[in-house]
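Chain letters run A, B, ... following the sequence lines, proteins first, then strands; residues in each count from 1. The figures that follow rest on heavy atoms only: side chains count, while hydrogens, waters and symmetry mates do not. The shown structure was predicted, so the numbers you read here are calculated from the model rather than taken from an experiment.
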There are 2 protein chains.
Amino acid sequence: MPTIKDVARAANCSTATVSRALASPEKVTASTRERVNRAIAEVGYSPNVAARNLRRSESRTIVILLPDISNPFFSAIINGMEDVAHSAGYQVLIGDCDLDPSRAEAYFSLLPTNQADGIILLTSDVPAVLVQQAHRRPDFPLVMACEFYDDIELPTVCIDNFAAARHAIDYLQSLGHSRIGSISGPLLNPICRERVKGYQAAMKDAGQTLAEPWMREGDFSFHSGYQQGLQLLEDAANRPTAVFCHSDEMAIGVLKAARQLDLDVPGDLSVIGFDNIGFSEYCEPELTTISQPRNDIGQQAMKNLLDIIGGKQVAARQILSTQLIVRESTGRAPTV
Amino acid sequence: MPTIKDVARAANCSTATVSRALASPEKVTASTRERVNRAIAEVGYSPNVAARNLRRSESRTIVILLPDISNPFFSAIINGMEDVAHSAGYQVLIGDCDLDPSRAEAYFSLLPTNQADGIILLTSDVPAVLVQQAHRRPDFPLVMACEFYDDIELPTVCIDNFAAARHAIDYLQSLGHSRIGSISGPLLNPICRERVKGYQAAMKDAGQTLAEPWMREGDFSFHSGYQQGLQLLEDAANRPTAVFCHSDEMAIGVLKAARQLDLDVPGDLSVIGFDNIGFSEYCEPELTTISQPRNDIGQQAMKNLLDIIGGKQVAARQILSTQLIVRESTGRAPTV
DNA sequence: TGCTTGAATGTAATGCATTACATCAATAAC
DNA sequence: GTTATTGATGTAATGCATTACATTCAAGCA
């Protein structure tokens, strides 16, 4: 591989001039610039990234930490992030923290060693101590997307989970439902607690008491939706007529549970999901759900991070709007 | 950040000794090693990766090129690859070529510039010229997984697509089906052509003629399965009793088409998918499908690549076995 | 003309780890 | 006791781009 020296020789100038022609063209005469560019093409030069990174103490790499790659919810977010990152000349490293929370630590340690320039958290599963500690460091660009921590003031771009949940419940109530169950994600997760609060507020405002067993906790997966759904629905005497789920996967799990219990959706039971993943349009019945602007979230979060890396200040919290997508899994409450 | 010099000072030795103590401990006395390790802990040293990479002309980064991150089929494969890569001290860069085939070129160009040490292709959509050209280079570690090119001898680990398809059709025939349709992935793709051949062979062996309109081409997506399914099934007079799809997503699209046409699955129509994605267990009815050992494929492909990087020779083609998973979407052929 | 100023370019130090080669001491061999 | 050998360690060059500082030259001004 030709180096900057070869270019300098071919362009009959110093390596400093070549470097400047590339990094800050305005510092170089038009004619020299031209000469350098020709020389670059001639010798087939492309800069050695390791050398550049070493000298500049940067890596042009952004780490995205997420709980589970295989969750299709994240893919559009990642796409949005990659678009922004690539066009700013950054690479993206995807860190799956699924199994091992200690992996997060390994990813965090990439920053002080200049192996990464910033981190985006798509999860609040990373131990708060670790995040807190990192955030306190002066030069540790760190933002979140979709999620947030209760006690850590990390810039985040997310939706209004309280309002979105409330909207879903309002909608169900407008269909005549009053017995509405909820299958949440892990309650350790602040966004899930927000959604639960939205659910509770809507129920309370409508003057409905909350039967404790109607509030169940899952882990966003098909399987947990199915299991919690079975338990929620098995007791015919005390069965909700609608279920609000914190993920589409869980909602689809509930659809399966309902089929197993011979419940018609939406005749006997309305089901509403969250995220609007691809499947939600192809399950039976098609799923009513809340859609998040996933691509926008990704883009905006990455912009924020790059701004912080560039030394700018960014808003502590940006709220993007959601949309209720009504499909077939919700209908009027059954008349008793 | 402390450098190797600081460690050398603290351990009262030269930087060379520190470097050796880390890279090849056997070249250093036990006592020195001990002293160095203490010094490292004391000053809180961790090696500067950019400097190391510069010196060694490597990057410890592997690129995985795939057609579409959001396809859940790939996630388990990626996990398998990451496991192997991480424990060998490599990072993984995921390259989505979804939209723009020119992106592949950008990823390929990471190798000659030492920004990546090897590439795994999970797609045969990358222009063959590019691949051919890269493969001819002496030092261009490149392997495939799941897929292959007809005319390029790239090491690959995949399944026997011909046999798997044939197995699926045999199974349908054993249920009494003789009118079996097929919705393939893009026929540009060699693995799809293999599957089609397997389908054709099984049909021919059973003495069945292939009605041309029963062989349809999709693109692996829900939507294409739905569309092709509608067309395949709309003509009641000339309708297959079973459909073999090259992806679960397409099979689920067919389920939707069948519902729309008021066909009972598996009463009127059997449907069989490919890949055994998570959703296949939660759709209605649950999908019969062919499962690939995705994690193994990922692990093995990454091992191959690392072997090649390490200068070893690897098998041109490794075939891992598939499994037919029978669920609810297949049943006996309807009696006429 | 002589001097200042600023733009353009060059020189050389720098970032950090690795490793070929040199040195030294201790052991083995005669 | 002397030389050859081996193992441990040190010295210094190396990989490549960047950039602070130095130099040069021409335009601008008195």
Check your understanding: So which one's nearest nucleotide on DNA chain C is more toward 5', B/R20 or B/V49?
Key -> B/V49
Check your understanding: Closest nucleotide of DNA chain C for A/S31 versus for A/T15: which of these residues is on the 5' side?
Key -> A/S31
Listed nucleotide nearest any side-chain atom of [X], set [options]:
| X | options | value |
| --- | --- | --- |
| B/I4 | D/dT19, D/dT9, C/dT18 | C/dT18 |
| B/A16 | C/dT19, D/dT9, D/dA17 | C/dT19 |
| A/R55 | D/dA17, D/dG10, C/dA8 | D/dA17 |
| B/T3 | D/dA8, D/dA17, C/dC16 | C/dC16 |
| A/T32 | D/dT9, C/dT18, C/dA8 | C/dA8 |

Over how many whole Å does the gap from [X] atom [atom1] to [N] atom [atom2] extend?
| X | N | atom1 | atom2 | answer |
| --- | --- | --- | --- | --- |
| A/N48 | C/dT14 | CG | P | 21 Å |
| A/N53 | D/dT19 | CG | C1' | 16 Å |
| B/K27 | D/dT6 | NZ | P | 16 Å |
| B/D6 | C/dG15 | CG | P | 11 Å |
| B/E26 | D/dT9 | CD | P | 13 Å |
| B/M1 | C/dC16 | CE | C1' | 14 Å |
| B/R56 | D/dC16 | CZ | P | 16 Å |

Check your understanding: Which part of the nucleic acid, if any, lies within reach of B/V18 when heavy atoms closer than 4.0 Å are counted: base, sugar-phosphate only, or nothing?
Key ->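 It contacts nothing in the nucleic acid.
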Below the 4.0 Å mark, does [N] have OP1 or OP2 next to a side-chain nitrogen or oxygen of [X]?
| X | N | result |
| --- | --- | --- |
| A/T29 | C/dT9 | yes |
| A/Y45 | D/dC16 | no |
| B/T17 | D/dG10 | yes |

Point to revise | Of B/A51 and B/C13, the one whose closest DNA chain D nucleotide lies more 5' | key: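 The 5'-side residue here is B/C13.
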**Study point:** Nearest-nucleotide comparison on DNA chain D, the residue closer to the 5′ end among B/L54 and B/R35
**Key:** B/R35
Review point. Is it true that B/F220 and B/F73 have ring centroids separated by less than 6.0 Å?
Key: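 Between B/F220 and B/F73, the centre distance exceeds or equals 6.0 Å.
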Pairing of [X] and [Y] as salt bridge, 4.0 angstrom limit:
| X | Y | result |
| --- | --- | --- |
| A/R60 | A/E58 | yes |
| B/D125 | B/R103 | no |
| A/E42 | A/R38 | no |

Check your understanding: Which of these passes side chain to side chain contact (heavy atoms under 4.5 Å, CB included) with B/S59: B/L111, B/V49, B/D117?
Key ->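 Of the listed options, the one satisfying the test is B/D117.
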